[in-house]
Amino acid sequence: MINRTRIRDALKATEPMESVTVMGWVRTRRDAKDFSFVDLNDGSCLSGLQVILPGDLPDYDRWIGEITTGASLQVQGHLVASQGKGQRWELQASAVQLMGRSDASYPLQKKRHSPEFMREMAHLRPRSNLFGSVFRVRSRLAQAVHRFFSERDFFYIHTPIITASDCEGAGELFRVTTLDPSRGGDPTKDFFGKPSYLTVSGQLAAETFACALSNVYTFGPTFRAENSNTSRHASEFWMIEPEMAFCDLGGDMDLAEAFVKYLIQDTLDQSAEEMAFFDAFVDKGLLERLRWILERPFERVAYTQAVDILLQSGQRFEYPVQHGLNLQSEHERFLTESHFKGPITVYDYPKAIKPFYMRANDDGQTVAAMDVLVPGIGEIVGGSQREERLEVLESQLRAHDLSLEDYSWYLDLRRYGSVPHSGFGMGFERMLMFLTGVTNIRDVIPFARTPGHASF
RNA sequence: UCCAGAGUAGCUCAAUGGUAGAGCAAUCGGCUGUUAACCGAUCGGUUGUUGGUUCGAGUCCAACCUCUGGAGCCA
């Protein structure tokens, strides 16, 4: 295949280039008197390259009509300074090859489309400015996650996607089976000899590795069979879960906050063009908000303080504010959007509303849990110090009606050389929403899976 | 799953219970170093589905489907 120049590189040129070959998809064509302008995009960056197709190219009149929106082209030519305004470089074509036609039924138009409409054609939407940008940023964000942990000497652990432990009761699980549903379902005859599921969290597995390699993280797909129909829940999503031995809740919060800031900074640095686009067309004020967050420390509020703030706010809430009750979305909203006007970390939650594995505090009422809440999205990080005391953990399992036998391997970590350890989970897509200003999780996942939807 | 709102041309939206329209897109033509180009023309409809009320339903009623916003569960 011909050595092609990516449009991103062509646009970064510092001087004219002889004989450049680019390939991409036509966004628009505008005909001038003796030539045509083509806006060609190859996805390497948000901007397209302006291509000039001179009218004296062989058989121009025969093929120019086929250079339509959506068509794929190979163009050879000279990269020269643009005579027009709006772009620095343009490609004066000397040869054009139509690779793939695109007829009038091509659904993407030059004008702006609603995200809802674009969702109906998830296979074509990455060719749009918005979704192309979202998925370029998504890729860079994933790389940044690995870089952050790599720089801090964390080991990346591939925890299993199929699991036999219905761990921590974190939502409904998808059953994995090879049994014929019409012939009954004896789990002992199933593929793994017992009921198995898609993972809802890699945490427990990560804990075992933290209690050996010290600092580890997982980053992979996670599945919840909840019938959630909201803009921030998906049945299949990606989660990042670091786990640190010899680390208490304070260290956990330090890491979570540093992580959020790192990802913001990295995205601003590496995706400047896309971020400017989001700021202009998706969420005005996005850049200002993110920069402001970078500059200041996260506010840390104990759960009881947070409740006091809500009680004293004079604000009317639909749901009651009361010590011991979970914070509702509207409460989190008030705290992040109205009171603190930025991300906050709420810690030391009531024991009764948190899972069994969180470390009991000395007050007997609370556990060493923490949530990082951000404006617009709510919970973006949830974590805790883990209960490392064997007897306490056993009594917690019993209190939650969980089988000690099923968790024997988990209890072994406390039986043999137990250490204080902590970790958290971050929803990758929620972070991406926070960074791009895109308000629906379905628009930051290439092919979203939600209740009733597994198309494409 | 619950509450609310919305489904009309390819898209975004109009239309007192009385002849279904505009802008954009597409197609054709014109003009032009254009860039969400511009100007003119053409094309474009089982008004989400089914049933009901009515002389007459896009409009009113019922059920269902889909989407959106909010809630719960959470990341």
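Source: prediction; values computed, not measured. Chain A is the first sequence line, chain B the second, and so forth, proteins listed ahead of strands; every chain is numbered from 1.
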- Query: Which dot-bracket string describes RNA chain B (Watson-Crick N1-N3 plus N6-O4 or O6-N4, or G-U N1-O2 and O6-N3, all under 3.5 Å; [ ] crossing; | other strand)?
  - Reply: (((((((..((((....[..)))).(((((.......))))).....(((((..]....))))))))))))....

- Message: In whole Å, I'd like the distance from the CG atom of A:N326 to the P atom of B:rC73.
- Response: 6 Å

- Message: What contact category does A:Q92 fall into here, base, sugar-phosphate, or nothing, at under 4.0 angstrom with non-hydrogen atoms?
- Response: base

- Among the nucleotides B:rC73, B:rG69, B:rA37, which one has an atom lying closest to any side-chain atom of A:R30? B:rA37

- Indicate, with a heavy-atom threshold strictly under 4.0 Å, whether A:A104 touches base, sugar-phosphate, or nothing. sugar-phosphate

- Item | Nucleotide B:rC74, atom P - distance to CD1 of A:I240 in whole Å | 20 Å

- Item | Test: A:D443 and A:R125 ion pair at under 4.0 Å | yes

- Task: Starting at atom CD of A:E379, determine the distance to atom P of B:rC73, rounded to an integer number of angstrom.
- Result: 11 Å

- Query: According to a strict under-4.0 Å criterion, is A:S231 in side-chain N/O contact with OP1 or OP2 of B:rG70?
  - Reply: yes

- Item | Base B:rC11 paired with A:H113 side chain (donor-acceptor, <3.5 Å) | no

- Query: Mapping A:E90 and A:M239 to their closest nucleotides on RNA chain B, which lands nearer the 5' end?
  - Reply: A:E90

- Message: Using OP1 and OP2 only, check whether a side-chain N or O of A:S114 sits under 4.0 Å from B:rU12.
- Response: yes

- Query: For B:rA26, does either OP1 or OP2 sit under 4.0 Å from a side-chain N or O belonging to A:R29?
  - Reply: no

- Residues in side-chain hydrogen bond (donor to acceptor under 3.5 Å, both in side chains) contact with A:D103, at least two apart in sequence or another chain: A:S105

- Message: A:D39 and salt bridge (Lys or Arg N to Asp or Glu O under 4.0 Å): which single residue from A:K110, A:R30, A:R27 fits?
- Response: A:K110

- Message: Quiz question: going by heavy-atom distance under 3.5 Å, is there a donor-acceptor pair between the base of B:rG72 and the side chain of A:E172?
- Response: no

- When all nucleic acid strands are considered with a 4.0 Å heavy-atom cut-off, which category describes A:F35: base, sugar-phosphate, or nothing? base

- Message: Can you check the distance between B:rG18 and B:rA57, where both ends of the measurement are the P atom (answer in whole Å)?
- Response: 11 Å

- Query: Atom NE2 of A:H331 to atom C1' of B:rG70: distance rounded to whole Å?
  - Reply: 14 Å

- Message: Can you see whether A:H453 engages A:T450 through a side-chain donor-acceptor pair at a distance of less than 3.5 angstrom?
- Response: no

- Taking the six-membered ring of A:F148, is NZ or CZ of A:R152 closer than 6.0 Å to its centre and within 45° of its axis? yes

- Query: Going by heavy atoms in the side chains, are A:Q109 and A:T69 under 4.5 Å from each other?
  - Reply: no

- Can a donor-acceptor pair under 3.5 Å be found between the side-chain atoms of A:S228 and the base atoms of B:rC73? yes

- Item | side chain to side chain contact (heavy atoms under 4.5 Å, CB included) against A:K354, all qualifying residues, sequence neighbours excluded | A:Y349, A:M358, A:V367, A:A369, A:D371

- Counting just side-chain N and O atoms, does A:N227 come under 4.0 Å of either OP1 or OP2 of B:rC2? no

- Against the side chain of A:F117, the closest entry in B:rC73, B:rU12, B:rA37 is B:rU12

- On a whole-Å scale, what distance lies between the P atoms belonging to B:rG17 and B:rG10? 26 Å

- Task: Please measure how far the P atom in B:rC74 lies from the corresponding atom in B:rA4, and state the result in whole Å.
- Result: 25 Å

- Calculate the interatomic distance between A:Y319 atom OH and B:rC2 atom P; express it in whole Å. 14 Å

- Query: Under 4.0 Å: is that the gap between some side-chain N or O of A:R224 and OP1 or OP2 of B:rC74?
  - Reply: no

- Query: Distance between the P atoms of B:rU1 and B:rC13, in whole angstroms?
  - Reply: 27 Å

- Side-chain-base donor-acceptor pair under 3.5 Å for A:N229 and B:rU1: yes

- Query: Looking only at atom C1', what distance separates B:rG44 and B:rA20, rounded to whole Å?
  - Reply: 13 Å

- Message: With a cut-off of less than 4.0 Å, is there a side-chain N or O of A:Q328 near OP1 or OP2 of B:rG72?
- Response: yes

- Item | Length of the line joining A:D371:CG and B:rC74:P, which is rounded to integer Å | 10 Å

- Message: Should the side chain of A:Q87 and the base of B:rU34 be counted as holding a donor-acceptor pair, with the cut-off at 3.5 Å?
- Response: yes

- Query: Quantified in whole Å, what is the C1' atom distance between nucleotide B:rC38 and nucleotide B:rC24?
  - Reply: 14 Å

- Determine the Euclidean distance between corresponding C1' atoms of B:rU49 and B:rU42; express it in Å to zero decimal places. 33 Å

- Between CD of A:Q109 and P of B:rA36 the distance, given in whole Å, is 16 Å

- Among A:F154, A:Y217, A:F428, A:F149, which one satisfies ring pair (Phe, Tyr, Trp, His ring centres under 6.0 Å) with A:F259? A:F149

- Item | Note: A:E429-A:R232 ion pair, threshold 4.0 Å (strictly below) | no

- Task: Please state how far atom NZ in A:K111 lies from atom C1' in B:rC11, giving the value in whole angstrom units.
- Result: 4 Å

- Against the side chain of A:S329, the closest entry in B:rC74, B:rC67, B:rU32 is B:rC74

- Query: Starting at the 5' end of RNA chain B, which residue's closest nucleotide do you reach first, A:D39 or A:F428?
  - Reply: A:D39

